[in-house]
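Everything numeric here is computed off the predicted structure, so don't read it as measured data. Counting starts at 1 for both ligands and their atoms, following the listed order.
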Amino acid sequence: MLKVEHLKAGYGGMPVVHDACFEVKEGQIVGLIGSNGAGKTTALKAVTGIAKPLGGTITYEGQVISGKKANDVVKLGISMVPEGRHLFGKMSVKDNIMMGAYLIKDKERKEKRLQLVYEMFPRVKERLKQTAATLSGGEQQMVAIARGLMAEPKLLILDEPSLGLSPKLVGEIFEFVKKIKELGITVIIVEQNVNVTLEISDYAYVIQNGETVFGGTGQEMLANEDVKKAYLGL
Ligand SMILES: Nc1ncnc2c1ncn2[C@@H]1O[C@H](COP(=O)(O)OP(=O)(O)OP(=O)(O)O)[C@@H](O)[C@H]1O
Ligand SMILES: [Mg+2]
């Protein structure tokens, strides 16, 4: 579904991602792990058209999408839930969620999607009129994911969805990720919670200093003592 080959990306013409390679098959959950500043977010921003790729190739459903504008990437069915959530604090929860559907004109389709999101996040549904800034961290993350789902993605990218959440909520977020997969949506997840990520991922990659240094199933990674010690901090 998505193939990233030798991706180079950065800011102001300076690469921070030097050689990222990863592949995502339809229906999978693919995990990206790696230490702070490794370039995970930047690589995904290049995929979604937020950062300009400086080299390499990004192919999605057989089409090269490197350098496409963010809007066009969303139209192709790729949606990203950004690190740090980026909600509009003064806007209501409902308005924040609806922002995700800004490219969908058909009212019925929007309404149907909204019902699906409410079903998935009943706690969000209880707080539609509240401003986003007044939500708890966990609730904000749910709204951010709900907004991402409103775009009707085929591929949903979650950048550190469990950041700053209590262990119980971390578990909940991972349960949501599994449900999203069950809906038939392919998922890329960036995470610091290595163990849980490897548990739910069909395949995972380690990114270090802007390069993919290892790829394998969770089991393969955990069986590799060098990878465990050097990259996973286990
Ligand atoms: N807008 C920006 N302008 C300049 N440099 C940036 C910008 N955003 C990120 N960087 C730099 O790019 C490098 C990679 O950052 P990136 O956010 O991609 O890492 P990451 O792997 O997602 O890290 P984390 O786990 O902390 O989120 C870092 O050194 C960071 O300082
Ligand atoms: Mg990041």
Can you pull out the closest protein heavy atom to [atom]? Residue, atom name and distance to 0.1 Å, please.
atom	answer
atom 27 (O) of ligand 1	Glu83 OE2, 2.8 Å
atom 19 (O) of ligand 1	Gly39 N, 3.3 Å
atom 22 (O) of ligand 1	Thr41 OG1, 2.7 Å
atom 7 (C) of ligand 1	Tyr11 CE1, 3.3 Å
atom 24 (P) of ligand 1	Asn36 ND2, 3.6 Å
atom 25 (O) of ligand 1	Lys40 NZ, 2.8 Å

### Query
What do the steps show when you test Glu211 against Asn209 for side chain to side chain donor-acceptor pair (under 3.5 Å), and what is the final call?
CA-CA 6 Å; Glu211 285 177 29; Asn209 297 323; over 6 Å; no
### Message
So is Met14 touching ligand 1 or not, going by heavy atoms under 4.0 Å?
### Response
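It does not, in that no heavy atom of Met14 comes within the 4.0 Å cut-off of ligand 1.
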#### Entry: Heavy-atom neighbours of Gln219 CD exceed 12 at 6.0 Å
no
### Query
Can the ring centroids of Phe121 and Phe176 be said to lie less than 6.0 angstrom from one another?
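When the ring centroids of Phe121 and Phe176 are compared, they turn out to be within the sub-6.0 Å range.
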If you count the atoms of ligand 1 from 1 in the order shown, which ones are under 4.0 Å from a heavy atom of [X]?
X	answer
Thr42	14 (C), 15 (O), 16 (P), 18 (O)
Gln192	25 (O)
Glu160	24 (P), 25 (O), 27 (O)

#### Entry: Sub-4.0 Å protein heavy atom near atom 1 (N) of ligand 1
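For atom 1 (N) of ligand 1 the answer is yes, since some protein heavy atom falls inside 4.0 Å.
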Report yes if some N/O of [X] lies less than 3.5 Å from some N/O of ligand 1; otherwise report no.
X	result
Gly37	yes
Ala38	yes
Lys45	no

Should [X] and [Y] be regarded as members of a common hydrophobic cluster, given that ILVMFWY residues are connected when their side-chain heavy atoms come within less than 4.5 Å of each other, either directly or indirectly?
X	Y	answer
Tyr205	Met80	yes
Leu44	Ile145	no
Leu114	Leu183	yes

Strictly distance-based, threshold 3.5 Å: is any side-chain N or O of [X] a donor or acceptor partner for the main-chain N or O of [Y]?
X	Y	answer
Lys110	Ile104	yes
Asn96	Leu87	no
Lys40	Gly34	yes
Glu220	Thr217	yes
Arg127	Lys94	no

### Task
Using a 4.5 Å cut-off on heavy atoms from C-beta on, say whether the side chain of Cys21 contacts that of His6.
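Yes, side chains in contact.
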### Message
With 2.8 Å as the threshold, which protein atoms of type N, O or S lie near the Mg ion (ligand 2)? Leave waters out.
### Response
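The answer, once waters are left aside, is Thr41 OG1, Glu83 OE1.
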### Task
Heavy atoms only: give me the nearest Met221-Lys228 pair and the separation to one decimal.
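Minimum heavy-atom contact is O-CG, 3.9 Å.
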